Colleague: 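What follows is a structure written as structure tokens; I'll ask about it next.
In this text, all values refer to a predicted model and were calculated from it rather than measured experimentally. Throughout, a chain's letter reflects where its sequence line sits, starting with A, and its residues are numbered from 1.
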Amino acid sequence: MTTRLRGKAAIVGVGTAGLGEAPGFNAMDIQALAVHEALEDSGLKLSDVDGLFTANMSHTFPAISTIEYLGLKPRWIDGTNTGGSSFVAHALSATMALEAGLCDVALICYGATLRSDAGRMTPAAEQPTYEIPHRPRYPMTAYAMAAATHMARFGTTRAQLAEVAVAARAWARMNPEAFERDPLSIEDVLSSRMVMEPLSLRDCCLLTDGAGAVVMTRADRARDLPNKPVYFLGGGIASYNRAVSEMPDLTTTAARDSGERAFAMAGLKPEDMNVLQLYDAFTINVILFLEDLGFCPKGEGGAFVSGGRIAPGGPLPVNTNGGGLSFCHPGMYGVFTLIEATRQLRGTAGERQIADAETALCHGNGITLSHQATAIFGTAAAL
Amino acid sequence: MTAQLPASGPDLEFQTHVEDGRLWLQTCEACDRAIFMPRIICPHCGSLRLAWHPASGLGTVYSRTVLYGRPKPGDTRPTRHALVLVDLDDGPRMMSRLPDTDPDDIVIGMRVKARIEGETGAHVVVFDPAGEANA
Ligand SMILES: [Zn+2]
């Protein structure tokens with residue numbers, strides 16, 4: 001297992017813009033603001049950026065549109081689009097490109113204005129041919145079927161799913177940038193409108209505008225920049241299928257492989273992680289990923305999240321920004337896992353700060369449980 | 001060398017059978033596994049030797065969900081649309097519906113049998129409950 005990339009690059013700047021609602025602005029506008037924020041934060045300039053890592057659903061050629069808008073002339077571009085997991089996967093490929101000398105300053109960015117545009121997901125141009133005649137509603141149908149299968153096989157309950165949404169909201173209440181900050185109880189989740197059995201409205205992520213940007217550079221240069229570097233320790237990706245009907249087992253995702261690869265590269269184990277950022281498009285995701293990444297045995301995720309274990313004050317902090325369920329979800333959420341992990345490892349997460357956080361795991365999920373990406377970060381103490 | 005195209009594309013071949021009211025699947029002559037969706041290459045072993053065979057159409061509901069639509073003006077009850085994943089006895093899994101079955105009567109693990117329905121030119125594979133007595 002390769003450890004050649006461990007500790008070779010670091011996140012040195014993060015920025016967000018247009019979180020929630022940004023009427024009158026397009027995706028490239030708010031993406032540019034997030035990039036500006038991230039570069040200011042890093043102490044680097046736009047003209048220093050020579051590596052670009054981006055994907056989106058609004059542009060056919062997202063990387064090319066981004067370089068034109070920002071006036072970049074990158075030496076290296078990675079526009080791999082694996083859905084919402086793209087940016088967690090980009091952290092791995094950015095580290096690789098930096099280490100290989102293909103670029104010196106890597107910019108990972110995303111922006112979307114779903115809420116202001118149409119208030120719904122942008123459908124992918126390519127849809128599963130043999131599913132579409134049956135009128136599924138994507139991405140929700142896939143996650144509802146995963147939840148139904150998990151419940152039937154392991155006895156997972158809707159109240160256990162609700163624990164995930166309630167924990168996310170409790171974190172969001174401590175995050176001034178979060179979109180939904182009203183109190184939320186398990187009863188509120190269970191009594192919210194059913195949208196796709198067994199998932200009710202509060203089992204589903206927000207649909208917002210929002211942009212995020214992350215600047216990475218090689219570890220030696222990162223140490224000379226103003227912020228405490230957040231080192232890349234390990235990463236992995238895994239993918240088995242596009243359509244949910246081709247997914248081998250709806251209760252086990254490819255995160256089992258992406259996580260194993262990331263932990264192997266980092267030389268760490270689940271119990272070494274201080275804070276987790278798990279792509280929570282739906283409540284079932286967090287349960288699946290806690291199991292698949294090795295935080296609890298398969299089938300026990302429902303019991304594992306119960307009793308506030310992943311909520312503020314619980315022993316395993318998950319989605320400390322409020323996640324896609326309560327913080328922000330502009331269609332492809334993954335970049336925000338990197339940003340929140342960075343804030344936690346720098347110790348700048350305000351009221352929601354996890355004391356002495358030295359390690360963080362980011363997990364990205366793409367399309368309909370189709371692509372999984374895991375990245376592990378740490379402070380200098382974790383190197 | 002350029003690859004030789006088969007007589008018909010896999011999507012067209014599948015749909016030709018469905019339009020005739022039959023569910024046919026490809027089976028790999030190298031590894032003997034049936035596959036769906038239709039393809040030119042076996043995803044299990046990489047062979048191009050895929051032959052079409054009639055399927056039994058019997059299967060088991062692997063997962064199910066019910067989409068609640070917003071009620072139309074004047075209605076109070078939301079529209080409900082059930083979707084299933086069916087594990088065919090022949091091997092592969094497919095997404096489908098049980099159009100003549102109440103969503104509440106569709107449960108994971110129930111036995112089902114394929115049927116073809118729909119407009120000419122847009123026939124699709126759907127399912128009905130199949131008691132084991134009928135299977
Ligand atoms: Zn084969």
Side-chain angles (χ1 to χ4, degrees), chain A residues 119-120 126-156 158 161 191-204 239-253 282 284 288 368-370, chain B residues 9-12 14-15 18 23 25-26 35-39 43-44 59-71 77-88 91-99 103-104 106-110 114 116-119 121-127:
Chain A
R120 55 185 160 79
E126 167 231 356
Q127 291 284 344
T129 311
Y130 289 92
E131 296 186 353
I132 290 310
H134 301 294
R135 293 182 287 119
R137 183 184 292 173
Y138 282 126
M140 200 192 308
T141 297
Y143 296 91
M145 284 179 158
T149 311
H150 204 277
M151 289 169 74
R153 187 172 301 171
F154 303 117
T156 309
R158 284 196 58 216
L161 295 174
S191 62
S192 65
R193 179 169 61 84
M194 183 58 72
V195 286
M196 189 168 275
E197 287 180 21
L199 303 178
S200 71
L201 188 64
R202 295 294 172 199
D203 287 296
C204 305
S239 185
Y240 305 153
N241 58 283
R242 163 70 170 89
V244 63
S245 51
E246 296 261 328
M247 189 170 165
D249 169 10
L250 263 63
T251 63
T252 302
T253 74
F282 299 88
I284 185 65
L288 290 170
T368 51
L369 291 166
S370 309
Chain B
D11 288 325
L12 182 62
F14 178 81
Q15 198 60 27
V18 167
L23 171 62
L25 297 172
Q26 290 167 297
I35 66 170
F36 182 78
M37 60 186 179
R39 265 168 264 213
H44 304 294
T60 304
V61 173
Y62 173 75
S63 190
R64 59 83 83 174
T65 183
V66 183
L67 168 62
Y68 286 60
R70 288 182 186 277
R77 282 165 55 86
T79 59
R80 300 176 78 217
H81 173 67
L83 290 133
V84 290
L85 292 176
V86 173
D87 280 345
L88 293 169
R93 180 177 295 160
M94 54 170 57
M95 180 174 284
S96 189
R97 288 171 284 129
L98 279 73
D104 290 335
I106 303 171
V107 294
I108 289 175
M110 79 188 280
I116 309 299
E117 72 152 38
E119 307 283 307
H123 287 89
V124 293
V125 182
V126 297
F127 289 83

Colleague: Return yes if some donor-acceptor pair links the side-chain N/O of B:R39 with the main-chain N/O of B:F36 below 3.5 Å, else return no.
Modeller: yes
Colleague: Please find the pair of heavy atoms, one from A:H134 and one from B:H81, that lie closest to each other, and give the distance.
Modeller: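 For A:H134 versus B:H81, the nearest heavy atoms are O-NE2, 2.8 Å.
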Colleague: For A:T251, is there any backbone N or O sitting under 3.5 Å from a side-chain donor or acceptor partner on A:H150?
Modeller: no
Colleague: Any sub-3.5 Å donor-acceptor pair from B:R64's side-chain atoms to A:E197's backbone N or O?
Modeller: no
Colleague: What part of B:V86 lies closer than 4.5 angstrom to a heavy atom of chain A: side chain, backbone, both or neither?
Modeller: neither
Colleague: Is it the backbone or the side chain of B:F14 that comes under 4.5 Å from a heavy atom of chain A, or both, or neither?
Modeller: side chain
Colleague: Backbone N or O of B:V84 within a donor-acceptor pair of the B:S96 side chain at under 3.5 Å?
Modeller: no
Colleague: Does any backbone or side-chain atom of B:V124 lie under 4.5 Å from a heavy atom of chain A? Answer side chain, backbone, both or neither.
Modeller: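 When you check distances to chain A, only side chain atoms of B:V124 fall under 4.5 Å.
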Colleague: Please classify the contact of B:L67 with chain A as side chain, backbone, both or neither, using a heavy-atom distance under 4.5 Å.
Modeller: both
Colleague: Of the backbone (N, CA, C, O) and the side chain (C-beta and beyond), which part of A:R153 lies under 4.5 Å from a heavy atom of chain B, both, or neither?
Modeller: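 It is the side chain, since no backbone atom gets that close.
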Colleague: Which answer fits A:M247, side chain, backbone, both or neither, if we ask what part of it has an atom under 4.5 Å from a heavy atom of chain B?
Modeller: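 Answer is backbone: N, CA, C or O of A:M247 sit under 4.5 Å from chain B.
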Colleague: So for B:V125, is it side chain, backbone, both, or neither that comes closer than 4.5 Å to the heavy atoms of chain A?
Modeller: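 Contact with chain A: backbone only.
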